[in-house]
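A, B, ... follow the sequence lines: proteins, then strands. Residue 1 opens every chain. Keep in mind that what you see is a predicted model, and the values were worked out from it rather than measured.
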There are 2 protein chains.
Amino acid sequence: MTKPVPPRHGDPGVSTPRRGGRTVTLDVVARLAGVAPATVSRAINQPDMVARKTLERVTQAIADTGYVPNLLAGGLASSRSHLIAAIVPSINNLVYAETIQSFGNRLKACGYQVLLGETGYGQDTEDALVTAVLSRRPDAIFLTGIHHSPQCRRQLLAAGIPVVETWDLTPSPLDLVVGFSHEKVGEAVAAFLHGRGCRRFGIVSSDDPRALVRNKAYARALERHGITGVASGLVHAVSSLELGRKGFADLIGQGFDGGGVFCSSDTLAQGVVTEALARGLRIPEDYAIVGFGDQNFAAHMLPALTTVKIDRAAIGEESANALLARLQNTPLTETVVDVGFTIMPRETA
Amino acid sequence: MTKPVPPRHGDPGVSTPRRGGRTVTLDVVARLAGVAPATVSRAINQPDMVARKTLERVTQAIADTGYVPNLLAGGLASSRSHLIAAIVPSINNLVYAETIQSFGNRLKACGYQVLLGETGYGQDTEDALVTAVLSRRPDAIFLTGIHHSPQCRRQLLAAGIPVVETWDLTPSPLDLVVGFSHEKVGEAVAAFLHGRGCRRFGIVSSDDPRALVRNKAYARALERHGITGVASGLVHAVSSLELGRKGFADLIGQGFDGGGVFCSSDTLAQGVVTEALARGLRIPEDYAIVGFGDQNFAAHMLPALTTVKIDRAAIGEESANALLARLQNTPLTETVVDVGFTIMPRETA
DNA sequence: ATGAAAGCGCTAACAA
DNA sequence: TTGTTAGCGCTTTCAT
């Protein structure tokens, strides 16, 4: 009847801990508490379904054994990993860090953990990264930007999980989108600088795709004012004070001789201001400088930086809320959330 | 003989995809390729053990189905999650971002993914966070700092995985440690400023524990020079330009009237410089300012910041290497790695 | 080089 | 309220 069975890892006494001390599993806890494994599982995940007396015994057993649930097993069994993936261009950029921070905090409160992936601003990397994180079976995914390769979109769709695209806006998101219009930003800055009396215009920008959209809208808006030929100092991907100085030096080198300068980040703007100061140029009289982001140093620089304020925490929070709604099957009123932006007039423009 | 069995998810035709489209599993790929599941597994994880012909068929089937391996299942079965946890005080601090970035890049090359956890500078949070990440069964763990609660240490030890503590040094690490001596930094800065002729000294610092160690060593070293009474402007946890300005204003408010100022971060130092400039004070003649970190803006500020350079990328890389060695059972020559530091004399001191 | 079978540690019906 | 049972999708001996 019973065919001979080889010794199994699970057998009491034959435990073969592959590492460290003995592995404490649900069953160990269950035995100690004198209940069935399922009861321990319930005690942990749905305590209300367990009698108070039982719950206490289980809790005690957990404490005694130092039991740490194995979420690989749990996730496999329930097909809910309680993991949410977030893909950002770079963690080496405070701008995204703040969004992720508020995103993570909101989700932590609901028992989710964030798995962070960094593309390094590459599109190939995004594809590979998405595949990599999907293999962890996240319950949802956060993306930066709205441009993804067809293969990436296919993969995301096939995963069948809620997706939120962020830091941009589109009428047709993969699923959800939380961000703001980069075109409107470009236009608003153009109008702002023009309103301040600028008649010549320049740009110091990284080659980030969203920055390019802002730049284009800025130039186009200026054309409507009859202004053509926007001088530009492009720098590569990463923003730094140094590159801001270099970018502005380039602009001057091109013969840019006073006017409004729109920078693609506050960091770059800080460099522009520094370089202008180093050259003894007058801000904002001769050079009016506008940053982007309103990072925490902007208001406290000397001179204080005029910039475009983006509510980064709101992007994180709204994204989390939207995903959470999907995960809880709460009906969602809006799949497109515009967090807007504000120009903060200070001393540099 | 065969008792009636209820329909199972696994049964072909009765697949109940809990979400999205049908779930592509190893078995689906195997069937399509006309091989056993185990062979597909091998084709993916140990391609050399599979005949070329077979490999091709499997590869094709994977492409055709868009199969994405389920690492929850894989990890559970093999007890290797290919996940490495990293605990940092804040992702909202570029100083740690760079370390994590190089750490992650090194590990990615070896097929590991990093699971990031943020303590927010709290110790309670560290305990909870460690528990949370351990439930994902990481293959190794990266910690910031060397101070952990007894419970945390116990838990870490019980996990039986390689552990690297970073950003500090201790002769008795939990397992491995990669960092530098904060005491030596404090002493070196004291000597440096004293050597520059400073006779009065101050501090503008966050209340980060490692910063406090530097400050203490700084003060003690100065005592040896017969100097007592180091003025200090403490700010809370997070560093920002604004807090640097405020901290310096405090210092002045306390009657600090010229001398050397050691800041716990470059960001704070940038604030100190800004505030000093705003007050028309002379740097470095009257106020000699030293930062900490040598972030990328330090060298390009006006005036350029004298600071303590820490090779953050090296911390990440060496940590990764050390863990990798453990994971590959490579004998480790050193469990304590000192990456050192360098004072970069520039214009502010 | 490949296949068969037995779990990894947990959750989820279903019964009791 | 609790226990029983059957997997979740993969890896891993062990045979072949």
Side-chain angles (χ1 to χ4, degrees), chain A residues 3-11 14-19 22-31 33-55 57-58 67-82 135-137, chain B residues 3-11 14-19 22-31 33-58 65 67-82 135-137:
Chain A
K3 59 182 175 181
V5 170
R8 316 163 4 176
H9 286 310
D11 280 343
V14 193
S15 80
T16 307
R18 314 200 188 187
R19 19 181 225 202
R22 80 165 88 338
T23 312
V24 180
T25 66
L26 244 202
D27 301 72
V28 173
V29 174
R31 223 165 297 151
V35 298
T39 303
V40 176
S41 176
R42 287 189 198 100
I44 293 172
N45 303 309
Q46 326 163 47
D48 318 316
M49 292 189 51
V50 171
R52 231 171 46 92
K53 227 32 206 303
T54 316
L55 188 59
R57 292 221 313 287
V58 172
Y67 172 62
V68 177
N70 183 333
L71 289 189
L72 295 180
L76 178 58
S78 65
S79 63
R80 266 176 286 104
S81 61
H82 290 280
S135 68
R136 303 276 171 196
R137 295 297 185 268
Chain B
K3 56 180 178 182
V5 170
R8 314 161 6 173
H9 285 311
D11 279 344
V14 192
S15 81
T16 307
R18 315 201 186 183
R19 20 181 226 203
R22 80 168 86 341
T23 312
V24 180
T25 65
L26 243 201
D27 301 71
V28 173
V29 175
R31 223 165 295 152
V35 298
T39 303
V40 177
S41 176
R42 288 189 196 102
I44 293 172
N45 303 310
Q46 327 164 47
D48 318 316
M49 292 191 50
V50 171
R52 232 170 46 91
K53 240 358 215 315
T54 317
L55 188 59
E56 278 168 22
R57 292 222 313 286
V58 172
T65 52
Y67 172 62
V68 177
N70 183 332
L71 289 190
L72 295 180
L76 178 58
S78 65
S79 64
R80 266 175 287 103
S81 61
H82 290 280
S135 68
R136 304 275 172 196
R137 296 298 185 265

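Of the candidates C:dG9, D:dT1, D:dT12, the closest approach to any side-chain atom of A:Thr23 belongs to C:dG9. Of all nucleotides listed (D:dC10, C:dT2, C:dT11), C:dT2 comes nearest to the side chain of B:Arg42. Looking at the side chain of B:Leu76, the nearest of the listed nucleotides C:dA12, C:dG9, D:dT1 is C:dG9. Taking only side-chain atoms of B:Ala77, from C-beta outward, the nucleotide of C:dC8, D:dT12, C:dC10 with the closest atom is C:dC8. Here the nucleotide nearest the side chain of B:Ala36, chosen from C:dG9, C:dA4, D:dC10, is C:dA4. Checked against C:dC10, D:dT2, D:dG3, the side chain of A:Val50 finds its nearest nucleotide in D:dT2.
A:Ala51 comes within 4.0 angstrom of sugar-phosphate atoms only, judged by non-hydrogen atoms across all strands, and of no base.
Side-chain contact between A:Val58 and A:Val35 is present, with heavy atoms from C-beta onward closer than 4.5 Å. Put simply, the side chain of B:Ile44 reaches to within 4.5 Å of the side chain of B:Val40, judged on heavy atoms.
Rounded to an integer number of Å, the gap from CD of B:Gln46 to P of C:dA1 is 12 Å. Atom NE2 in B:His82 sits about 20 Å away from atom P in D:dG9, given to the nearest Å. Here the P atom of nucleotide D:dC8 and the CG atom of B:Leu26 are 13 Å apart, to the nearest Å. One atom, CD1 of B:Ile44, and another, C1' of D:dT12, lie 15 Å apart when rounded to the nearest Å. Rounded to an integer number of Å, the gap from CG of A:Leu55 to P of D:dT1 is 12 Å. We find that CZ of B:Arg52 is positioned 18 Å from C1' of C:dT2, with the value rounded to whole Å. Per the geometry, OH belonging to A:Tyr67 stands 7 Å off C1' belonging to C:dC10, to the nearest Å. Note: CG (A:Leu71) to P (D:dG9) measures 18 Å, nearest angstrom.
To the nearest 0.5 angstrom, B:Leu55 atom CG is 9.0 Å from B:Asp48 atom CG. With values rounded to the nearest 0.5 angstrom, A:Met49 atom CE is found 9.5 Å from A:Thr39 atom OG1.
Contact check, B:Asn45 against D:dT11: a side-chain N or O comes under 4.0 Å of OP1 or OP2. Residue A:Ser41 has a polar side-chain atom (N or O) positioned under 4.0 Å from OP1 or OP2 of C:dT11. Side-chain N/O atoms of A:Thr39 include one lying less than 4.0 angstrom from OP1 or OP2 on D:dG3. Distances shorter than 4.0 Å separate some side-chain N or O of B:Arg80 from OP1 or OP2 on D:dT12.
Under a 3.5 Å cut-off, the side chain of B:Ser81 and the backbone N or O of B:Arg137 do form a donor-acceptor pair.
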